[in-house]
Trainee: 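My questions all concern the structure below.
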Amino acid sequence: QVQLVESGGGLVQPGGSLTLSCTASGSILRPAVMGWYRQSPGKEREFVAAMTNRGASNYADSVKGRFTISRDVAKNSVYLRMNSLQPEDTAVYHCNLRIPAYTVEQTEYNYWGQGTQVTVVS
């Protein structure tokens, strides 16, 4: 079992910046992908960014060039630096940890944080 604890959400004006943090604890027994998703009322959960243990990253097109994901693997932590925030970035941001199935005998696991609210208003 893995638990994710997030922080860093808040209210910011357009053009402002926030940094989200997430730390995982528990039985992380093999390499995991950590990242961020967001969800607004009436919309389905949307991928934002993710990074592997080796530092390979992926971003949603809507945040490329504005958001930067980073990890401290030793601390089981992931961060999301959000620059040039716009009202459309307003959402609950959830930390995600995915443990892939590296062999046919393994099962993939997904864990989610409680979410942190990001609100961008003028």
Trainee: If you measure from NZ on K64 to OG on S57, what distance do you get to the nearest 0.5 Å?
Mentor: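 Spacing of NZ (K64) from OG (S57) equals 9.5 Å.
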Trainee: Students often mix this up, so state it plainly: with edges at 30° and 60°, are the rings of Y93 and F67 parallel, tilted or perpendicular?
Mentor: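 Taking F67 first and then Y93, their aromatic rings sit tilted (interplane angle of 30° to 60°).
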Trainee: Are M51 and V73 connected in a single hydrophobic cluster, I mean Ile/Leu/Val/Met/Phe/Trp/Tyr linked by side-chain heavy atoms less than 4.5 Å apart?
Mentor: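 Different clusters: V73 never reaches M51 through Ile, Leu, Val, Met, Phe, Trp or Tyr contacts under 4.5 Å.
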Trainee: Decide whether V92 and V48 are clustered together by the hydrophobic rule: side chain heavy atoms of Ile, Leu, Val, Met, Phe, Trp, Tyr closer than 4.5 Å, transitively.
Mentor: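 Different hydrophobic clusters.
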Trainee: Does Y109 reach the side chain of P100, with side-chain heavy atoms less than 4.5 Å apart?
Mentor: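 No. Closest side-chain heavy atoms not under 4.5 Å.
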Trainee: Do Y79 and V2 sit in the same hydrophobic cluster, where Ile, Leu, Val, Met, Phe, Trp and Tyr count as joined when their side-chain heavy atoms come under 4.5 Å apart?
Mentor: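 As far as the 4.5 Å side-chain criterion goes, V2 and Y79 are not connected within one cluster.
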Trainee: What closest approach, in Å, do I69 and Y59 show between heavy atoms, and which atom pair accounts for it?
Mentor: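 Looking at all heavy atoms of both residues, the closest pair is N-OH, 2.8 Å.
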Trainee: Take a 6.0 Å sphere around CD of Q13 and say whether it holds more than 12 heavy atoms from other residues, nucleotides or ligands.
Mentor: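 No.
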Trainee: Are the side chains of S17 and R81 in touch, meaning some heavy atoms are under 4.5 Å apart?
Mentor: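 Yes, at least one pair of side-chain atoms sits under 4.5 Å.
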Trainee: Taking all heavy atoms of S77 and all of T23, pick out the closest pair and write down the distance.
Mentor: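 For S77 versus T23, the nearest heavy atoms are OG-OG1, 2.9 Å.
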Trainee: Could you go step by step and tell me if R30 and Q106 meet the side chain to side chain contact (heavy atoms under 4.5 Å, CB included) rule?
Mentor: CA-CA 11 Å; R30 56 187 190 261; Q106 295 175 329; 3.5 Å; yes
Trainee: Side chains of N76 and R71: is there a donor and an acceptor less than 3.5 Å apart?
Mentor: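 No.
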Trainee: Answer yes or no: is there a side-chain heavy-atom contact under 4.5 Å between Y37 and W112?
Mentor: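 Of all side-chain heavy-atom pairs linking W112 with Y37, at least one is under 4.5 Å.
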Trainee: Would you indicate whether the side-chain heavy atoms of V78 and W36 approach each other to under 4.5 Å?
Mentor: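 SC-SC contact between W36 and V78 confirmed.
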Trainee: Check E44, E46, E6 against R38 for a salt bridge (charged side-chain N to carboxylate O under 4.0 Å, His left out) and give me the one that passes.
Mentor: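 Only one of E44, E46, E6 forms a salt bridge (charged side-chain N to carboxylate O under 4.0 Å, His left out) with R38, namely E46.
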Trainee: Hey, does L80 have a side-chain heavy atom less than 4.5 Å from the side chain of T19?
Mentor: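 Of all side-chain heavy-atom pairs linking L80 with T19, none is under 4.5 Å.
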Trainee: Is the shortest heavy-atom distance from the side chain of N96 to the side chain of M34 under 4.5 Å?
Mentor: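 In short, these two side chains do not touch, never coming nearer than 4.5 Å.
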Trainee: Could you grab the distance from atom CD1 of I99 to atom CG of N110, nearest 0.5 Å is fine?
Mentor: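 With rounding to 0.5 Å, CD1 (I99) is 9.0 Å from CG (N110).
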Trainee: Heavy-atom distance under 4.5 Å between the side chains of C22 and V5, does that happen here?
Mentor: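 Counting from C-beta outward, C22 and V5 never come under 4.5 Å.
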Trainee: Report yes if some heavy atom in the side chain of L97 is under 4.5 Å from a heavy atom in the side chain of L4; otherwise report no.
Mentor: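 Yes, at least one pair of side-chain atoms sits under 4.5 Å.
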Trainee: Between R66 and Q86, what is the shortest heavy-atom contact and its length?
Mentor: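 Minimum heavy-atom separation between R66 and Q86: NH1-N, 4.2 Å.
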Trainee: Compute whether any side-chain donor of one residue and acceptor of the other, for T90 and T119, lie under 3.5 angstrom apart.
Mentor: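 Not at all, the side chains of T90 and T119 share no donor-acceptor pair under 3.5 Å.
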Trainee: Nearest heavy-atom pair of Y102 and P31: which atoms, and what distance?
Mentor: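 Closest approach of Y102 to P31: OH-O, 2.7 Å.
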